[in-house]
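These figures come from a predicted structure and were not determined experimentally.
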Amino acid sequence: MNHQEIDQLAKAWIVDAADRPANPRVQAIVLRLVADLCKAMEDLDIQPSEFWKGVEFLTNAGKNNELGLLTPGLGLERFMDIRADEAEARAGIEGGTPRTIEGPLYVAGAPESQGFARLDDGSESDQAEVLFMQGTVFDADGKPLPGAKVEVWHANLLGNYSFFDSSQSHFNLRRTIITDARGGYGFQTIMPKGYGCPPGGSTATLLDHLGRHGQRPAHIHFFVSAPGQRKLTTQINIDGDEYLWDDFAFASREGLVPPVTRVDDPAAIAARGQDKPFASIDFDFRLHREVAEAPPAQVERQRAAA
């Protein structure tokens, strides 16, 4: 069949077959996806056994709760960020802290602190490098934003996240920090490690067929929000990581790799209440005011909740 014939057939199945009012947006999306899939089946001569193997793969990925991991691994989450950047540029919004992917491992309800928080529960202190990170949240005019909300989460030394890893304490390496009167935030944590997709899982299996690795560089996730400002979804990567610019999720971006300072001065160590050298990262967040012409910055999706 040619593409025109396939379009007519898909329309007969999705549009003409409706016997009651349909949701026009859902109908338009399903029509396009079904037609495009049929065209791919025709153009690539996809055989029934191959098709059902694909259905089996998606079924297992859903059972394994890996569809949220597969989405960034195929570049789809990065593509949504590209489109969001383009939409903001058309609305006159440019600059500020770059956005990048959320990933599938956020958990709502992390304990809230004013100005400063310690993220880790101390269970890996003997093996980990202590990290302090601090900065200011600014608006688009460079004015500090007191009372802004900085939600932060990252993996432990094994690349695992609390709640998804039952061996960790609740909300380990997760906090919500409210900026102080000067718009400042800060936290103490452990230096995160990079990690890979679950071995033998759906995502790793597909990436293997594609000749790709499933590794991510060490990184720290953030949601940053304030009244009247567009919510920022971003993450910083740890400079020097082997996979810094080879992230399987395509989330590395210029402007999100701050320098890491190693502090070994005894006075500075004591001032932080530490007994050994530590790492420090300075990073400011710059938000944009909300404008009616721009699409919503708040992404509605199902997320885990404590």
Side-chain angles (χ1 to χ4, degrees), residues 7 14 22-37 39-40 67-106 108 135-145 147-153 176 179 183 185 216-217 219-237 244-245 247-258 283-304:
D7 284 335
I14 306 303
N23 181 311
R25 180 63 173 168
V26 173
Q27 187 181 67
I29 292 172
V30 172
L31 174 63
R32 176 63 181 268
L33 293 177
V34 169
D36 285 355
L37 179 56
K39 291 171 187 175
L67 291 176
L69 187 62
L70 190 64
T71 298
L74 294 178
L76 297 174
E77 197 165 3
R78 175 70 184 114
F79 185 67
M80 287 186 277
D81 282 347
I82 292 170
R83 296 189 71 244
D85 287 345
E86 292 174 343
E88 288 188 342
R90 290 193 295 270
I93 300 173
E94 294 183 304
T97 302
R99 64 163 45 84
T100 194
I101 70 170
E102 174 185 335
L105 298 170
Y106 169 79
T136 302
V137 179
F138 295 98
D139 67 13
D141 298 323
K143 180 181 177 181
L145 287 168
K149 181 186 292 187
V150 179
E151 298 178 77
V152 53
W153 68 101
T176 297
T179 58
Y185 77 93
R216 294 216 65 199
H219 58 281
I220 302 174
H221 293 270
F222 297 93
F223 284 154
V224 187
S225 57
Q229 309 295 310
R230 292 178 63 77
K231 183 176 182 178
L232 173 67
T233 300
T234 195
Q235 58 188 265
I236 61 111
N237 284 353
L244 181 60
W245 299 109
D247 180 3
F248 100 95
F250 310 106
S252 300
R253 300 192 66 178
E254 294 287 351
L256 296 177
V257 189
F283 192 81
D284 296 332
F285 296 100
R286 300 182 185 277
L287 306 184
H288 292 289
R289 68 178 56 87
E290 194 61 83
V291 296
E293 296 80 8
Q298 174 70 49
V299 176
E300 299 298 331
R301 56 184 283 189
Q302 189 174 47
R303 296 179 173 92

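Judged as a ring pair (Phe, Tyr, Trp, His ring centres under 6.0 Å), and not counting sequence neighbours, the contacts of F222 are F285. With sequence neighbours left out, the salt bridge (charged side-chain N to carboxylate O under 4.0 Å, His left out) criterion links E77 to R301. For D7, the salt bridge (charged side-chain N to carboxylate O under 4.0 Å, His left out) partners are K39, not counting sequence neighbours. Listed by chain and residue number, nothing satisfies the side-chain hydrogen bond (donor to acceptor under 3.5 Å, both in side chains) test with R78 (two or more places apart in sequence, or in another chain). Every residue was checked against the salt bridge (charged side-chain N to carboxylate O under 4.0 Å, His left out) condition with D81, not counting sequence neighbours, and none meets it. Applying the side-chain contact (heavy atoms from CB on, under 4.5 Å) test to P295 and every residue at least two apart in sequence or in another chain returns A87. Annotation: salt bridge (charged side-chain N to carboxylate O under 4.0 Å, His left out) contacts of R253 (sequence neighbours excluded): D85. Applying the side-chain hydrogen bond (donor to acceptor under 3.5 Å, both in side chains) test to T233 and every residue at least two apart in sequence or in another chain returns nothing. When the side-chain hydrogen bond (donor to acceptor under 3.5 Å, both in side chains) test is applied to D141, the partners found at least two apart in sequence or on another chain are R289. For R83, the side-chain hydrogen bond (donor to acceptor under 3.5 Å, both in side chains) test picks out no residue, with sequence neighbours left out. Listed by chain and number, the residues in a side-chain contact (heavy atoms from CB on, under 4.5 Å) with Q298 are K231, E300, R303 (sequence neighbours excluded).
Contact between Y185 and F283 at its shortest, heavy atoms only, is OH-O, 2.8 Å. Taking all atoms of both residues into account, the shortest heavy-atom contact from P98 to L232 is O-CD1, 3.9 Å. Smallest separation of non-hydrogen atoms from L69 and P104: N-CG, 4.3 Å. I93 and A294 make their closest contact through CD1-CB, 3.8 Å (heavy atoms, listed as atom of the first residue, atom of the second, distance). The heavy-atom pair separating G147 from T179 by the smallest distance is N-OG1, 2.9 Å.
A distance-only check finds no donor-acceptor pair linking the side chain of T176 to the backbone of E151 [under 3.5 Å]. The main-chain N or O of G95 is found under 3.5 Å from a side-chain atom of H288 such that the two form a donor-acceptor pair.
To the nearest 0.5 Å, atom CG of residue D139 and atom CG of residue L287 are 8.0 Å apart. The structure places OG1 of T136 at 5.0 Å from CG of D284, a figure rounded to the nearest 0.5 Å.
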| query | Are F138 and Q229 close enough, and set up right, to give a side chain to side chain contact (heavy atoms under 4.5 Å, CB included), and what steps lead you there? | reply | CA-CA 10 Å; F138 295 98; Q229 309 295 310; over 6 Å; no
| request: Give the intermediate values and the outcome of side chain to side chain contact (heavy atoms under 4.5 Å, CB included) for residues T100 and T234. | output: CA-CA 5 Å; T100 194; T234 195; 4.0 Å; yes
| said: Please determine whether side chain to side chain contact (heavy atoms under 4.5 Å, CB included) holds for the pair F250 and I101, giving the CA-CA distance in whole Å, both sets of side-chain angles, and the decisive distance to 0.1 Å. | reply: CA-CA 9 Å; F250 310 106; I101 70 170; over 6 Å; no
When the side chains of residues 25-34 are checked against the rest of the protein, which donor-acceptor pairs come out under 3.5 Å, sequence neighbours left out?
{"residue": "R32", "atom": "NE", "partner": "D36", "partner atom": "OD1", "Å": "3.4"}
{"residue": "R32", "atom": "NE", "partner": "D36", "partner atom": "OD2", "Å": "2.8"}

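Considering E102, R99, R216 as possible partners of Q235, the one that fulfils the side chain to side chain donor-acceptor pair (under 3.5 Å) test is R216.
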